[in-house]
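Just so we're clear, the structure is a prediction, and the values are computed from it rather than from any experiment.
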Protein chains: 4
Amino acid sequence: MPPATAAAPATTRPRTKPAVVRREELMDAAQALFLDKGFDATSVDEIVAQAGVAKGTFYFHFKTKDDVLRALRERFVVKFHERLESAVAACAPDDWSGRLEAWMEAAVDGYLDQFALHDLVFHEFRPSSRRMQHDNPITRHLATLIADGAQNGAWTAPYPRLMAAMLFGGFHGAVDEEIVAPSKTTRQRLTAEVLRFCRMALGLACS
Amino acid sequence: MPPATAAAPATTRPRTKPAVVRREELMDAAQALFLDKGFDATSVDEIVAQAGVAKGTFYFHFKTKDDVLRALRERFVVKFHERLESAVAACAPDDWSGRLEAWMEAAVDGYLDQFALHDLVFHEFRPSSRRMQHDNPITRHLATLIADGAQNGAWTAPYPRLMAAMLFGGFHGAVDEEIVAPSKTTRQRLTAEVLRFCRMALGLACS
Amino acid sequence: MPPATAAAPATTRPRTKPAVVRREELMDAAQALFLDKGFDATSVDEIVAQAGVAKGTFYFHFKTKDDVLRALRERFVVKFHERLESAVAACAPDDWSGRLEAWMEAAVDGYLDQFALHDLVFHEFRPSSRRMQHDNPITRHLATLIADGAQNGAWTAPYPRLMAAMLFGGFHGAVDEEIVAPSKTTRQRLTAEVLRFCRMALGLACS
Amino acid sequence: MPPATAAAPATTRPRTKPAVVRREELMDAAQALFLDKGFDATSVDEIVAQAGVAKGTFYFHFKTKDDVLRALRERFVVKFHERLESAVAACAPDDWSGRLEAWMEAAVDGYLDQFALHDLVFHEFRPSSRRMQHDNPITRHLATLIADGAQNGAWTAPYPRLMAAMLFGGFHGAVDEEIVAPSKTTRQRLTAEVLRFCRMALGLACS
DNA sequence: TATGAATGAGTGTTCATTCAT
DNA sequence: AATGAATGAACACTCATTCAT
């Protein structure tokens, strides 16, 4: 006689999953397709096909197609930010130079690893990416780091927010340049240059 | 035989204008609408309505809708570049510091004056704006300036192209910051900060 | 053996209400929304939100969305009919003129008070409202009144059913006119005109 | 050698017709389908298939699907009105009784002939048919007729607009009744009853 | 009684582009 | 150079309804 539990189909994969899970699955499907063919070129039909659900399910979990992109962006920013935070947290609280170095190194690495996703969530996203660049945890993090360092005499930065914007722009420009026209330069060398650039701009060295 | 002029009514206001004029009119109409409602949200129908011509006329002058945007972008880049060139040309050929200063000043002014148009032609334009940033006359101009200055001992820049990218990124970041969160700072003060930033990064000052 | 009442927590506010109550609540929610935005423009989602229940609950109490509308219509007709009946019942059984007058007066009042709801349940309801007008308690009531009065020599009406239809149409037209183009006329005056119209049509007066 | 004209395909049915013609064709197709399956149940796809054009062509000539219905309604009203006008115009200008009779007769005939179309354009049309009933040429025509007759002493009607509304309602009710429950009565007999009803209401007879 | 995740058929509408004149 | 009627592929989104708990 089979055990009582065998009477009920053991393999009943529940068709309805916790909302959070389904949502995540849809986001993954969308992200893969967006990266592959671009946001506009991807239809909701394709997303649901990839996720293995019906169309209505998509609209049960997201308001619109844009809504997924927003969710994707938020997820990206949070993860990227965590990466930076833990890198910085590994340094001594008063080693400002080290903290800045850690931030930049993690940022270069992260950006280089994810630039396709970065472009997706920042470029394809309407309301101008400018505003978005301004108030997101990542840039705020850098601004705080600059400000704190300045306050503790680690460097000079009369306008920390502005300095942060310029350093962020510089880092961004460097990595973009590398992506478009990959030099023989190693990633390490690139990071070193970015760091040197930052230190110079902050008046930490005068070579 | 009747006189030739009698055949055609003398008062015929030529319905057909020189191609270049019509083209320019269509570009102006498109630019105005694109700036107002965005590229995607603007239909060719609206463009021709604004320009006062029939639909077919549009496609007589432009291959596709994207084609106008490309034309708009080219026009923008050329004009912006001219602005920079003449600013720089006003300086002594060997006054490298002055030339850089002139470039940056003109760039800040120009960007601040035209950022909406800048965003339109660079942001809405597919093939990633990254590639575009890389090879356009403006950034090439800066790179050349950096390289020449370095070659003449005006400053140090082991990787001029990279330095140019970082300085351009820095300038871009500063102006973007100012656009999003306008400080009490005057435009002059902003320019000064950008310049200080550049000089520091190039090792020209150590304050 | 523990007391029976101890088994169930005494304070359990019953999550489940008597079916009739829930049903009524859902009907009220639906009616409010239908009146506000129209039948088609109202989704079942909105109805359940308004009623504070889950989607499934709606389909537990009603077969389809149309089903609520039908229920609403029945409720309306019953209430309206009651209004007429009691008004007529207040007259002497053989005061035919008075009974007709009472019917019309109550009808004008009732219609004027509820025309929005009337339109909802009669207009938005498929199977042509024509058929519905034909066999509902209200028009049947009037037809009977006409027929009985004729039979008792109160007035002449060779085709009572037809006469009823025409008088009903006349009354309807008058009130509709008043709704669309409200005159300075009081409701009383309107009722008087409708009555005069009916009496004339029935040959009760020759002014 | 074939005649010159044969060189050009003689059968070249011009693919592009005058806008008015195409528009009319689309309206005819739509009307046929709407009458057959109802407005909602008819898709634009079906309309264009029936009309033998592409979908875009539909939207070149009409703003929306509702727009055709509106056009259909306007066409119906105009034609119906013409019918009434010419019937009335055939009577002597001062034969008020005859003119009213002509109007009613033509209305009954017209309505009976077209009630399906009537229902379509008046019932399926949003913004409440009430308002529509109020200001359309047909009811205005009747109101004018009543008013003019009253002014010339042909009958009494202290509130012509209201009387017109009631007579129109009465006529409408009679015909609707006949449609729903066709009696053995001939159309002629029905018309006679409606007329008698009108004359009574106007105080023209006291039988 | 009640829940709420899942379904999926259904459709109006947009719009870049073409082409005969 | 210019017209404007015609095309037709493409898609996001809605929503009534079901059903396993």
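In this structure, NE2 in C:H123 is found 11.0 Å from CZ in D:F122, a value given to the nearest 0.5 Å.
Separating the CD atom of C:E25 from the C1' atom of E:dT1 is a distance of 13 Å, rounded to the nearest angstrom. Whole-Å rounding puts the A:R22 CZ to E:dT7 P distance at 6 Å. Remark: P of F:dA20 and CZ of C:F60 are 17 Å apart, rounded to the nearest angstrom. One atom, NZ of A:K17, and another, P of E:dT7, lie 10 Å apart when rounded to the nearest Å.
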Handout entry: Derivation of the side chain to side chain contact (heavy atoms under 4.5 Å, CB included) call for C:R73 and C:L69
Key = CA-CA 6 Å; C:R73 188 183 129 256; C:L69 187 53; 5.8 Å; no

Fill in the blank from the handout: Counting primed atoms, P, OP1 and OP2 as sugar-phosphate and everything else as base, the B/S/- map of nucleotides 10-19 of chain F against protein heavy atoms under 4.0 Å is --BBB-BBB-

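The nearest pair of heavy atoms linking B:L26 to B:I47 is O-CG2, 4.1 Å. Heavy atoms only, all atoms of each residue included: D:A54 and D:V48 are closest at O-CG1, 3.8 Å.
Backbone-only engagement by B:A19 is indicated by non-hydrogen atom pairs under 4.0 Å involving sugar-phosphate atoms exclusively.
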Completion exercise
Writing each nucleotide of DNA chain F 5' to 3' as (, ), [, ], | or . by Watson-Crick or G-U pairing under 3.5 Å yields .||||||||||||||||||||

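Screening A:R70, A:K63, A:K65 for a side-chain hydrogen bond (donor to acceptor under 3.5 Å, both in side chains) with A:D67, the sole residue that qualifies is A:R70.
Classification of A:R75 and A:D28 as a salt-bridged pair holds, one side-chain N sitting under 4.0 Å from a carboxylate O.
Nearest-nucleotide positions on DNA chain F for B:T57 and D:H61 put B:T57 closer to the 5' end.
In this structure a side-chain-to-backbone donor-acceptor pair under 3.5 Å is present from B:E46 to B:S43. A donor-acceptor pair under 3.5 Å is absent between the side-chain atoms of B:T57 and the main chain of B:V53, judged by distance alone.
Using P as the reference atom, E:dT1 and F:dT21 are 23 Å apart when rounded to the nearest Å.
Here D:T16 does not reach the OP1 or OP2 of E:dA20: none of its side-chain N or O atoms lies under 4.0 Å away.
By the 6.0 Å contact criterion, NZ on C:K79 is open, its count of non-hydrogen atoms from other residues, nucleotides or ligands being 12 or less.
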